[in-house]
Amino acid sequence: MLHVKLLALLIFAFKICQGQEVDIDRIKIAIRDTAHQYHYPKLIAEFVSQPQYFSMEKGINLYYGNLYAPNYKTFDFKAMTEFTPLVKKGRLRKAISVGEELFKENPVNLYLLLGLGYCYKQSNQTDKAELTREMAAVLIRAIEASGDGSSTEKAYKVISVNDEYTLMEKNNWTGKTRTSKKTQNSVFDVWEIKENTSALYFEVLYNLQEKFIFPE
């Protein structure tokens with residue numbers, strides 16, 4: 001599977017502090033405030049240039065704040081239909097060109113970052129591969145800090161189904177069955193995992209109505 005190869009690029013040498021509160025309402029206020037240190041355009045500018053300096057809190061605001069970005073999508077069809085087939089066919093130069101354009105649309109896209117990282121590494125573009133790895137690590141840390149997956153209250157919170165599968169593959173969790181329950185602004189996915197007798201919980205957060213154009 002392609003994602004397995006992509007996840008092999010990520011070497012996490014830090015300890016995850018699980019269970020950090022994800023306060024969506026607070027995040028929404030902070031990222032819209034032009035005077036706030038977490039104003040979203042500021043976060044994006046720093047993320048694409050110096051992701052290695054992102055604190056856990058800053059990464060959480062970046063990742064979950066993407067729910068309210070004007071370029072937010074509940075599912076990224078372009079990455080799946082335009083970028084991934086090129087990677088699978090080994091057309092890395094074209095894949096990089098397409099992927100970089102999609103990155104400009106939304107850099108907070110874990111699936112795309114992993115794919116670009118793989119392409120850069122295979123193309124010996126070491127600096128770009130490392131920068132992309134650092135960006136992906138920021139997003140992975142934010143997800144893993146949101147819970148431990150042991151219950152609905154401690155579910156891993158993700159902003160796309162792709163990120164749910166990415167975390168499962170990173171941890172070598174093989175899903176056997178999945179049940180889903182829809183709430184007002186999210187879907188709870190409960191997995192039976194081959195490697196564990198306990199259920200694994202994810203909460204996929206959605207923003208189906210509210211978008212915000214950030215002032216410069």
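Both backbone and side-chain heavy atoms feed into the values below; hydrogens, waters and symmetry mates do not. Given the structure is predicted, the values throughout are model-derived calculations rather than measurements.
The closest donor-acceptor contact from the side chain of S146 to the backbone of K157 lies under 3.5 Å. Using modelled atom types, no side-chain atom of D33 and backbone atom of I29 make a donor-acceptor pair closer than 3.5 Å. Side chain of S186 to main chain of K182: no donor-acceptor pair is present (N/O by atom type, distance under 3.5 Å, no hydrogens or angles). Remark: the backbone N or O of E57 is paired with a side-chain donor or acceptor of N61 at under 3.5 angstrom. Under the 3.5 Å distance criterion, the side-chain polar atoms of D189 are left unmatched by any main-chain donor or acceptor of F202. Of the possible polar contacts, none joining the N66 side chain to the A69 backbone as a donor-acceptor pair under 3.5 Å is found. Between the side chain of N106 and the backbone N or O of N109, no donor-acceptor pair lies under 3.5 Å.
Side-chain N/O atoms of Y63 and D163 include a donor and acceptor closer than 3.5 Å. N162 and S160 share no side-chain donor-acceptor pair at under 3.5 Å. Side-chain N/O atoms of E195 and T174 include a donor and acceptor closer than 3.5 Å.
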Requested in this report: List the steps, then state whether side chain to side chain contact (heavy atoms under 4.5 Å, CB included) holds for I24 with V22.
Outcome: CA-CA 6 Å; I24 295 297; V22 177; 3.8 Å; yes
Requested in this report: Could you give me the CA-CA distance, side-chain angles and deciding distance for V158 and L110, then say whether side chain to side chain contact (heavy atoms under 4.5 Å, CB included) is met?
Outcome: CA-CA 11 Å; V158 295; L110 180 57; over 6 Å; no
Requested in this report: Run the numbers on E100 and K128 for salt bridge (Lys or Arg N to Asp or Glu O under 4.0 Å), then give the verdict.
Outcome: CA-CA 11 Å; E100 287 179 343; K128 287 186 175 182; 3.4 Å; yes
**Report entry** From CA spacing to verdict: side chain to side chain contact (heavy atoms under 4.5 Å, CB included), L62, V108
**Finding:** CA-CA 8 Å; L62 173 80; V108 186; 3.8 Å; yes
Query - Test log, rule side chain to side chain contact (heavy atoms under 4.5 Å, CB included), inputs E46 and K58 - result: CA-CA 10 Å; E46 185 175 347; K58 188 180 293 186; 3.0 Å; yes
Query raised in the report: Given T84 and Y111, is the side chain to side chain donor-acceptor pair (under 3.5 Å) satisfied, shown in steps?
Result: CA-CA 10 Å; T84 300; Y111 180 87; 2.6 Å; yes
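Taking each heavy atom of S150 and K154 in turn, the nearest pair found is OG-CD, 3.6 Å. Between I96 and Y120, the shortest heavy-atom distance links the atoms CG2-CE2, 3.8 Å. Residues A145 and I60 come closest through the heavy atom pair CB-CD1, 4.3 Å. When all heavy atoms of L113 and F47 are compared, the closest pair comes out as CD1-CZ, 4.1 Å. A45 approaches S49 most closely through the heavy-atom pair O-OG, 2.9 Å. A129 and G117 make their closest contact through CB-O, 4.1 Å (heavy atoms, listed as atom of the first residue, atom of the second, distance).
V190 is not connected to V161 by any chain of hydrophobic side-chain contacts under 4.5 Å among Ile, Leu, Val, Met, Phe, Trp and Tyr, and they are in different clusters. No continuous path of ILVMFWY side-chain contacts below 4.5 Å connects I143 to F188, so the two sit in separate hydrophobic clusters. In the hydrophobic clustering of ILVMFWY residues, with side-chain heavy atoms under 4.5 Å counting as a link, V48 and V98 come out together. If you chain together hydrophobic residues whose side chains sit under 4.5 Å apart, I44 and L67 fall into the same group. If you chain together hydrophobic residues whose side chains sit under 4.5 Å apart, Y40 and I27 fall into the same group.
Residue-environment remark: NZ (K42) exceeds the threshold of 12 foreign heavy atoms within 6.0 Å. The local environment of CZ in R91 is sparse, with at most 12 non-hydrogen atoms from other residues, nucleotides or ligands closer than 6.0 Å.
Taken to the nearest 0.5 Å, the NZ atom of K170 stands 11.0 Å off from the CG atom of L114. Separating the NZ atom in K194 from the CG atom in N172 is a distance of 11.5 Å, to the nearest 0.5 Å. Considering CD of E153 and CG of D148, their distance stands at 11.0 Å, rounded to 0.5 Å. A distance of 9.5 Å separates NE2 in H36 from CG in L43, rounded to the nearest 0.5 Å. How far OH of Y201 is from NZ of K181: 10.5 Å, rounded to the nearest 0.5 Å. Rounding to the nearest 0.5 angstrom, the gap separating the CD atom in Q52 from the CE atom in M135 is 10.0 Å.
The closest side-chain heavy-atom distance from S97 to F83 is not below 4.5 Å. Looking only at side-chain heavy atoms (C-beta outward), E203 and V187 stay at 4.5 Å or farther from each other. Between K78 and M80, the closest side-chain pair of non-hydrogen atoms is not below 4.5 Å.
Salt-bridge annotation for E192 and R178: absent, with no side-chain N of the basic residue lying under 4.0 Å from a carboxylate O of the acidic one. A salt bridge does not link R141 to E144: none of the charged side-chain nitrogens sits closer than 4.0 Å to a carboxylate oxygen.
Stacking of K121 on the aromatic ring of Y118 is not recorded, the 6.0 Å distance cut-off and the 45° axial limit not both being met.
Between W191 and Y165, the ring-plane angle classifies as perpendicular under the 30° and 60° cut-offs.
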